[in-house]
Q: 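Below are the structure tokens for one structure; questions will follow.
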Amino acid sequence: MRAFACPHCSALVFFENSVCLTCGTEIGFSRAERTIVRAEGRHRCANRRTATCNWFADAPGALCDCCALTRTRPADDDTDGLAAFALTEQAKRRLLYQLDDLALPVVGRDEDPVGGLAFDLLSSAHEPVTTGHASGVVTLDLAEGDAGYRERMRVQLAEPYRTLLGHLRHETGHWYWEVLVDRPGRNEEFRALFGDERESYADALERHYSSAPPAGWEDRYVSAYATAHPWEDWAETFAHYLHIRDTSQTAAAFGISVQGPLDAREDLTSEPHESEKDFDAVIAAWLPLTYALNAVNRAMGHADLYPFVLAPTVLDKLRFVHDLVIARPAYVPA
């Protein structure tokens, strides 16, 4: 994510801020302008308190573009559900910002009718909920908003990484398979790297959960879950690509460069750097950055911030995602 400055005093502010902590100016995020702006003369999102949303809407009492993508949320009297809902919406706003930044579509268009993204954010405290995706509709169990639950599941499933933002990136990745890959001429290239997605998905998942990952999976997959089925391999790789682009962009925006070609810039809120379109340049900047970030975490007694190894085959898959994202015609939000 790029860095943001207060429109009044130019102090650095966070993407989530609704007020500048330096000068007290009321601020918020404008999706149309893709930056933090003054709140004066604008309409706050109706979820300002419910979801701590700092985006603006088109009319009084309306939802912002991001909150409007949520079809289902907890009831107003579900205190625990609403707390997790607010955290999930916060992660979703970061997701939508990045999708816009990468010029990826969020809604279906007449010339590209593949539906659009929508979210059902449900609490398993009241009914069984399975996190997943179906033709653009992302369902997320809000139990993931509880740090203790999320850590228990991470350990139980032997995952090195598990976050709300990671879930959202993975599940939306399934829809972007339909948008970016499932087209004449692209399927064979996809299958050469990821495998044949026509394999029974149900059988593949049953096999995955009933046995250990194949030996040597680290040489071909970004995660153990990616071994389950080509669709999961794509979704895990797509999510990982978003991790890399967002973290690299954030580091560069704040002038953090570790022996990489993404030079620190004086203007912390500048537009995309040309090298972000070059996959080799992205990876050349990313790898030394991860070494440094892991070293910093270890110095604080924490586990590695980036607990992954990118094998050559995984890099080929990431390059495939990158090339599809870069080659797609730019999407401009309505």
Q: With no hydrogens and no angle check, do the side chains of E144 and T131 hold a donor and an acceptor under 3.5 Å apart?
A: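 No.
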
Q: Is the closest side-chain heavy-atom distance between V282 and L318 below 4.5 Å?
A: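 No, their side chains stay 4.5 Å or more apart.
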
Q: In the structure I gave you, are the side-chain heavy atoms of H240 and S223 within less than 4.5 Å of one another anywhere?
A: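 No. Closest side-chain heavy atoms not under 4.5 Å.
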
Q: Looking at K317 and D233, is there a salt bridge between them, counting it only when a charged N and a carboxylate O are closer than 4.0 Å?
A: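 Counted as a salt bridge, because a side-chain N and a carboxylate O are separated by less than 4.0 Å.
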
Q: Is the CG atom of D58 crowded by more than 12 outside heavy atoms at less than 6.0 Å?
A: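 Not more than 12 within 6.0 Å, no.
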
Q: Does the side chain of D219 come within less than 4.5 Å of T313's, by heavy atoms?
A: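 No. Closest side-chain heavy atoms not under 4.5 Å.
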
Q: Taking atom types as modelled and ignoring hydrogens, do the side chains of R93 and Y97 form a donor-acceptor contact shorter than 3.5 angstrom?
A: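 Side chains of R93 and Y97: no pair found under 3.5 Å.
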
Q: Can a side-chain donor-acceptor contact be found between N54 and S18 if the only test is distance below 3.5 angstrom?
A: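 Judged by distance alone, the side chains do not pair up.
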
Q: Run the salt-bridge test on R169 and D246 with the 4.0 Å N-O cut-off and return the result as yes or no.
A: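 A salt bridge links R169 with D246.
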
Q: Would you say L140 and F119 make side-chain contact, with heavy atoms under 4.5 Å?
A: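 Heavy-atom side-chain distance check fails, nothing below 4.5 Å.
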
Q: Are V325 and L315 linked, directly or through intermediate hydrophobic residues, by side-chain heavy-atom contacts shorter than 4.5 Å (ILVMFWY only)?
A: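 In one cluster: yes.
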
Q: Is R49 atom CZ crowded by more than 12 heavy atoms from other residues, nucleotides or ligands, each under 6.0 Å away?
A: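 For R49, atom CZ is not crowded (no more than 12 foreign heavy atoms under 6.0 Å).
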
Q: Look at atom CD of E40 and say whether more than 12 heavy atoms of other residues, nucleotides or ligands are closer to it than 6.0 Å.
A: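 12 or below, so no.
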
Q: Indicate yes or no: at least one non-hydrogen side-chain atom of V258 is less than 4.5 angstrom from one of Y291.
A: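 No, their side chains stay 4.5 Å or more apart.
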
Q: Just wondering, do L96 and R31 contact through their side chains at under 4.5 Å, heavy atoms?
A: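 R31 vs L96: side chains touch.
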
Q: Sort out for me which residue in R38, R44, H8 forms a side chain to side chain donor-acceptor pair (under 3.5 Å) with E26.
A: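 When R38, R44, H8 are each tested with E26, the side chain to side chain donor-acceptor pair (under 3.5 Å) holds only for R44.
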
Q: Test salt bridge (charged side-chain N to carboxylate O under 4.0 Å, His left out) on R154 and E151 and set out the steps.
A: CA-CA 5 Å; R154 188 192 69 78; E151 178 62 12; 2.8 Å; yes

Q: Should V37 and F56 count as side-chain neighbours, where that means a heavy-atom distance under 4.5 Å?
A: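 The answer is yes, as the side chains (C-beta and beyond) meet within the 4.5 Å cut-off.
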
Q: Parallel, tilted or perpendicular: which one describes the rings of H322 and F279, with boundaries at 30° and 60°?
A: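 It falls in the tilted class, 30° to 60°.
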
Q: Could you check whether any side-chain heavy atom of L180 comes within less than 4.5 Å of a side-chain heavy atom of F238, counting everything from C-beta outward?
A: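 The answer is yes, as the side chains (C-beta and beyond) meet within the 4.5 Å cut-off.
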
Q: Atom CD of residue position E189 - does it have more than 12 heavy atoms of other residues, nucleotides or ligands inside 6.0 Å?
A: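 Result for CD/E189: open.
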
Q: Can H229 and E197 be counted as having a side-chain donor-acceptor contact under 3.5 angstrom?
A: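 Judged by distance alone, the side chains do not pair up.
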
Q: List the atom of C6, the atom of T25, and the distance in Å for their closest heavy-atom pair.
A: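 The answer is SG-CB, 4.3 Å.
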
